[in-house]
Visitor: 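Okay, handing you the structure first.
In each ligand, atom 1 is the first atom listed, and ligand 1 is the first ligand listed.
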Amino acid sequence: MKTEIFVRLSDVSKKYDRTGVETLALQHVSFEARAGEMVLLLGPSGSGKTTFLTILAGLQKPSEGEVTIFGQNVLDYSPKDLQKLRAQHIGFIFQTFYLLDSLSVIENIMLVMKFAGISKTEANQRARIFLEKFGISHLTNAYPKTLSQGEKQRVAVARALANGANLILADEPTGSLSTLQGMTIVQYLKDAVMNDGRCAVIASHDERIRPFADRVLTLRDGVLV
Ligand SMILES: Nc1ncnc2c1ncn2[C@@H]1O[C@H](COP(=O)(O)OP(=O)(O)OP(=O)(O)O)[C@@H](O)[C@H]1O
Ligand SMILES: [Mg+2]
């Protein structure tokens, strides 16, 4: 039996228009990722990695081509349905973390689970398990502004995994971390993929992640090589 395809891009191109200057951020990219797979997407700055991941997550639409998430063509989805699909099935680790400053660390992690319909008690328990795993339980009630970059990054990863999402999309998840901290997180993503049949797509410059990946792809000037 063929393993389930979680996400697929078919001949996707993305053009940005910034004050009259066009950038072709992705050019005719086709890609698919399956259950139980960890894919590493390498590429220099500006090669289109973040664009690739945000399109995979349905966070923005391609200029051309099709995006299928869990067998559904997301271009047909209403914004509300897309938000629901993301809350329940996709964990996104943003390059800039996107933690809410007005919420504590545990509240940040619990909020995403609330959107996914997980009860408060369950969300609280899960959040604590991840904080413990990532060695940041002393920061449970701290506010994001008081955290180091590496600590914020670990909160962002905990938040992405805690809702049980099948598809984990991670944008530079190790950028601010030491080798030990960074590889601990990658190993954790790897375990989530191998043990729970999830799928992770990691965009990074970080060559240290290579040994963990089942597949390594490279983007160059928006082209998958
Ligand atoms: N919202 C936007 N409007 C206009 N141009 C954009 C926008 N977002 C990205 N770009 C351009 O698209 C190209 C690809 O950007 P992208 O952020 O996907 O690259 P990246 O590989 O993630 O880079 P980095 O490694 O620095 O994070 C770049 O030339 C960038 O300037
Ligand atoms: Mg980027």
Visitor: Output the list of atoms in ligand 1 that are nearer than 4.0 Å to some heavy atom of H205, sorted by atom number.
Guide: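 With H205 as reference, the close atoms of ligand 1 come out as 25 (O).
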
Visitor: Relative to the heavy atoms of S47, which atoms of ligand 1 are at a distance of less than 4.0 Å?
Guide: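 Heavy-atom distances to S47 below 4.0 Å select 19 (O), 21 (O).
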
Visitor: Are any of the side-chain nitrogens in K120 or E122 under 4.0 Å away from the carboxylate oxygens of its partner?
Guide: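 So K120 does not pair with E122 through a salt bridge.
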
Visitor: Near the Mg ion (ligand 2), is there an N/O/S atom from T50 that is less than 2.8 Å away?
Guide: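 For T50, the answer is yes, given that an N, O or S atom comes within less than 2.8 Å of the Mg ion (ligand 2).
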
Visitor: To which protein heavy atom is atom 19 (O) of ligand 1 closest, and what is the distance rounded to 0.1 Å?
Guide: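 Protein heavy atom at minimum distance: G48 N, 3.3 Å.
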
Visitor: Specify the protein heavy atom at minimum distance from atom 15 (O) of ligand 1: its residue, its atom name, and the distance to 0.1 Å.
Guide: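 Protein heavy atom at minimum distance: T51 OG1, 3.9 Å.
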
Visitor: Can you tell me the protein heavy atom closest to atom 27 (O) of ligand 1 and the distance?
Guide: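 Atom 27 (O) of ligand 1 sits closest to the protein heavy atom Q95 NE2, 2.9 Å.
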
Visitor: Return the residue, atom name and 0.1 Å-rounded distance of the protein heavy atom closest to atom 6 (C) of ligand 1.
Guide: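 The protein heavy atom lying closest is Y16 CD1, 3.2 Å.
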
Visitor: Nearest protein heavy-atom contact for atom 29 (O) of ligand 1: which residue, which atom, what distance?
Guide: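 Of the protein heavy atoms, T23 CG2, 3.6 Å lies nearest.
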
Visitor: With E66, which residues qualify under side-chain contact (heavy atoms from CB on, under 4.5 Å), at least two apart?
Guide: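 Per chain and number, E66 pairs via side-chain contact (heavy atoms from CB on, under 4.5 Å) with S10, N73.
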
Visitor: Identify the protein heavy atom lying closest to atom 26 (O) of ligand 1, giving its residue, its atom name and the separation to 0.1 Å.
Guide: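 Result: S45 OG, 2.6 Å.
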
Visitor: Could you tell me if any non-hydrogen atom of G46 lies under 4.0 Å from any atom of ligand 1?
Guide: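 Flag set, G46 near ligand 1.
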
Visitor: List the steps and the verdict of side-chain hydrogen bond (donor to acceptor under 3.5 Å, both in side chains) for D11 and S30.
Guide: CA-CA 5 Å; D11 204 17; S30 292; 5.0 Å; no

Visitor: Decide whether T51 and Y16 meet the rule of one side-chain donor and one side-chain acceptor closer than 3.5 Å.
Guide: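 The criterion, which ignores hydrogens and geometry beyond distance, is satisfied for Y16 and T51.
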
Visitor: Parallel, tilted or perpendicular: which fits the ring planes of F70 and H89, with parallel below 30° and perpendicular above 60°?
Guide: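 Ring orientation of F70 relative to H89: tilted.
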
Visitor: Would you mind checking which non-hydrogen protein atom is closest to atom 17 (O) of ligand 1, with the distance to 0.1 Å?
Guide: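 Scanning the protein heavy atoms, the shortest distance from atom 17 (O) of ligand 1 goes to T50 CB, 3.7 Å.
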
Visitor: For ligand 1, note which part of P44 has a heavy atom under 4.0 Å away: side chain, backbone, both or neither.
Guide: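 Contact part for P44 vs ligand 1: backbone (N, CA, C, O).
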
Visitor: Determine the interplanar angle of the Y98 and F94 rings, folded into 0 to 90°, and report it as parallel if under 30°, tilted if 30 to 60°, perpendicular if over 60°.
Guide: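 If you compare the ring of Y98 with that of F94, the planes turn out perpendicular.
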
Visitor: Can you tell me how far the CG atom of L189 sits from the CD1 atom of I93, to the nearest 0.5 Å?
Guide: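 Separation between the atoms: 5.5 Å.
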
Visitor: Picking from Q95, Q153, H205, what satisfies side chain to side chain donor-acceptor pair (under 3.5 Å) with E172?
Guide: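 With E172 as partner, side chain to side chain donor-acceptor pair (under 3.5 Å) holds for just one option, H205.
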
Visitor: Among K14, R18, K49, Q60, whose heavy atom sits nearest atom 30 (C) of ligand 1?
Guide: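 Nearest heavy atom to atom 30 (C) of ligand 1 lies in R18.
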
Visitor: When you measure from the Mg ion (ligand 2) to the N, O or S atoms of T51, does any of those distances fall below 2.8 Å?
Guide: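 Looking at T51, which is the residue asked about, there is no N, O or S atom under 2.8 Å from the Mg ion (ligand 2).
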
Visitor: Salt bridge check, E4 against R34: does any charged N sit closer than 4.0 Å to a carboxylate O?
Guide: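 Answer for the salt bridge query: no.
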
